[in-house]
Amino acid sequence: MPYLMGLDISTTGAKALILRCPSSHASPLSRRENIIDDAGEVIAVANAPQPISQPKPLWSEQNPADWWDGISASIRQSLADSGLRGDDISAIGLTGQMHGLVLLDAKGEVLRPSILWNDQRTAAQCDYMTEVIGADRLLELTGNPAVTGFTAPKILWVRDNEPAVYAKAAQVLLPKDYIRYKLTDTYATDLAGAAGTSLLNVAERAWSAEVLAALEIPAEWMPPVHEGTQITSTISAAGAAATGLKAGTPVVGGGGDQAAGAIGMGCVTPEVIGVTVGTSGVVFAPLSSYAYEPEGRLHAFCHAVPETWHFMGVMLSAAGSLQWYRDSFAPDLDFDSLLTEAEDVPAGSEGLFFLPYLTGERSPHPDPLARGAFIGMTSRHGRGHMTRAVLEGVAFGLKDSFTLIDQAGLPEQFEVRISGGGAKSPIWQGIIADVLAAPLVNINTTEGGAFGAAILASVAAGVFEDAASACEALIQTGETVVVGADADAYAERYEIYQSLYPVLKDTFAKL
């Protein structure tokens, strides 16, 4: 039956989504309730907010039990809202926050809170990885330098700082794969997520025996890896009892949140580039063969599409910068009212710049000590200038990644698609289009990773032949935001923006 479920364990919520796919055959449910037609659409979404803990500076943790409680509730709610039963779901795809560490003991019990992607405590462990493996060799094998957010340095941190916990460890999982385990009683992961651990040989799409041996991490701790459309396991009796799903329902590999989100945008071939303005900001470029940026300024990962890779530039605080700014300086204003004030400010904010490094940075500056800053403030500047400077600073941060991908080699013809909460703002879309000097194409869905996970499940269920044909059938493009008259002015401002981090890097470290 053409109903697919996508599950997303994000930093802020545990989401369940049900996708109705096109079908030429009416199902028993369609005859019963007349809710099938020839168009695919999302028919239910449920989300359970997730708490987050920051027990020390630079730390960020969550309790895996909260994810399970949240996703169980969301699955039941989505089934109830759609009028479906568990046995109406053909297959399930998983996605979620990347890089987070879930450590289990030999009995499958969680040993400590999960250390998340935005946790920055592991600088010393990253230095150690670079020393014992070698910077060039690590980059060649894993597609990335050692980054504080990745999983491998988190494992080393536990070994260095919590030896009693480490001594009990028997299994390493990513956040979404802990949910897979609870649903299916099976340890497994997808290649897109595994590529973000710094333990995968990304070119060969397999765990790197060389890296694991160098770091003395037991290979048996790592779960089997699968392509995003491959069936990894099925819902267990316990998983069915907890969620209302049917035991035996296939669960596919899925993908890390960025790869699944890119599929939800139709970014499955090199001709479609994705720009996502969520809490973090991402520029996503599919690759038909493995490549890595020689200086490690871009992430190079496996895509959730079989035998496909991708470049990805990540800024850690995109819409997160605007959220922080609003909460700190205008908590009584809604976002629309706040952004309206910025519309009357000219491009360039009359010389005011904002550096969006509120939680450190990834691309192109892998620096956990980078800090946010307003630069160029005068008595003439008011809140509208500051607001626009935040919007422009995030756009410049996206431009950093877009420029690196362009230098690595973009196709002659390509389309840039935009998504994410920040992408809902017309003024911000216009600024981003002008800064990138590229038109931005909107799409018909805003559900991101969960939608992409459901698309991957549709391929495994045989509804579509592959991810490309699924995206062609299910994703429609909408309004295009054209490049405006401010593009030239932003090109000049971007050169100034690029000069600011190198000047302030040592100051950030001293702070």
Apply side-chain contact (heavy atoms from CB on, under 4.5 Å) to the pair V110 and L104, showing each step before the final yes or no. CA-CA 5 Å; V110 175; L104 306 182; 3.6 Å; yes

Salt-bridge present ([X], [Y]; N to O < 4.0 Å):
X    : Y    : result
E61  : R112 : yes
K107 : D105 : no
R159 : E216 : no

Starting from the C-alpha separation in whole Å, work towards a yes-or-no answer on side-chain hydrogen bond (donor to acceptor under 3.5 Å, both in side chains) for Y494 and Q498. CA-CA 6 Å; Y494 178 61; Q498 285 183 298; 3.2 Å; yes

With distance as the sole test, does [X] use its side chain to make a donor-acceptor pair with the main-chain N or O of [Y] at under 3.5 Å?
X    : Y    : result
S363 : V314 : yes
R417 : M265 : yes
S10  : G96  : no
N144 : T142 : yes
D190 : G193 : yes
K154 : F150 : yes
S349 : A389 : yes
E293 : A300 : no
W117 : T11  : no
T308 : P306 : yes

Between T148 and Q120: side-chain donor-acceptor atoms closer than 3.5 Å: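 Yes, side-chain donor-acceptor contact under 3.5 Å.
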
For the residue pair Y490 / E392, report whether a side-chain donor-acceptor contact shorter than 3.5 Å exists.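 Present: a donor and an acceptor within the cut-off.
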
Inter-residue atom distance [X].[atom1] - [Y].[atom2], 0.5 Å rounding:
X    : Y    : atom1 : atom2 : value
L440 : I273 : CG    : CD1   : 12.5 Å
Y325 : F354 : OH    : CZ    : 9.5 Å
D8   : I71  : CG    : CD1   : 7.5 Å
I133 : L139 : CD1   : CG    : 11.5 Å
N442 : Q429 : CG    : CD    : 4.0 Å
L456 : I92  : CG    : CD1   : 13.5 Å

Taking the side chain as every heavy atom from C-beta outward, state whether [X] and [Y] have any pair of such atoms under 4.5 Å apart.
X    : Y    : result
V283 : L436 : no
S233 : R180 : yes
Y128 : L215 : yes

Test side-chain contact (heavy atoms from CB on, under 4.5 Å) applied to K505 and H365, step by step: CA-CA 10 Å; K505 178 181 179 180; H365 311 299; over 6 Å; no

I need the minimum non-hydrogen distance between [X] and [Y], along with the two atoms involved.
X    : Y    : answer
A194 : T189 : CB-CG2, 4.1 Å
D119 : W59  : OD2-CA, 3.1 Å
Q258 : M312 : CB-SD, 3.4 Å
M129 : P153 : SD-CD, 3.6 Å
A438 : V416 : CB-CG2, 4.2 Å
V252 : G228 : CG2-O, 3.6 Å

If you count heavy atoms of other groups shown closer than 6.0 angstrom to [atom1] of [X], is the number above 12?
X    : atom1 : value
E131 : CD    : no
E472 : CD    : no
E271 : CD    : yes
D466 : CG    : yes
D488 : CG    : no

Between F396 and L500, does the side-chain contact (heavy atoms from CB on, under 4.5 Å) criterion hold? Intermediate values first, please. CA-CA 12 Å; F396 289 142; L500 296 176; over 6 Å; no

Between [X] and [Y], what is the ring plane arrangement, given parallel below 30°, perpendicular above 60°, and tilted in between?
X    : Y    : value
F508 : Y501 : tilted
H299 : F301 : parallel
H310 : H303 : perpendicular

Using ring-ring contact (aromatic ring centres under 6.0 Å, His included) as the criterion, point out the one residue from Y178, W221, Y181 that pairs with Y187.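 Exactly one candidate clears the test, Y181.
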
Let me see the working for T359 and N118 under side-chain hydrogen bond (donor to acceptor under 3.5 Å, both in side chains), right down to the final yes or no. CA-CA 8 Å; T359 53; N118 54 354; over 6 Å; no

Does K168 form a salt bridge (Lys or Arg N to Asp or Glu O under 4.0 Å) with E109? I'd like the steps, not just the answer. CA-CA 10 Å; K168 297 178 182 178; E109 298 297 325; over 6 Å; no

Between R297 and E295, does a salt bridge (Lys or Arg N to Asp or Glu O under 4.0 Å) hold up when you go through it step by step? CA-CA 6 Å; R297 294 173 296 175; E295 297 181 38; 3.8 Å; yes

Apply side-chain contact (heavy atoms from CB on, under 4.5 Å) to residues T387 and F329 and explain how you reach the verdict. CA-CA 10 Å; T387 303; F329 295 99; over 6 Å; no

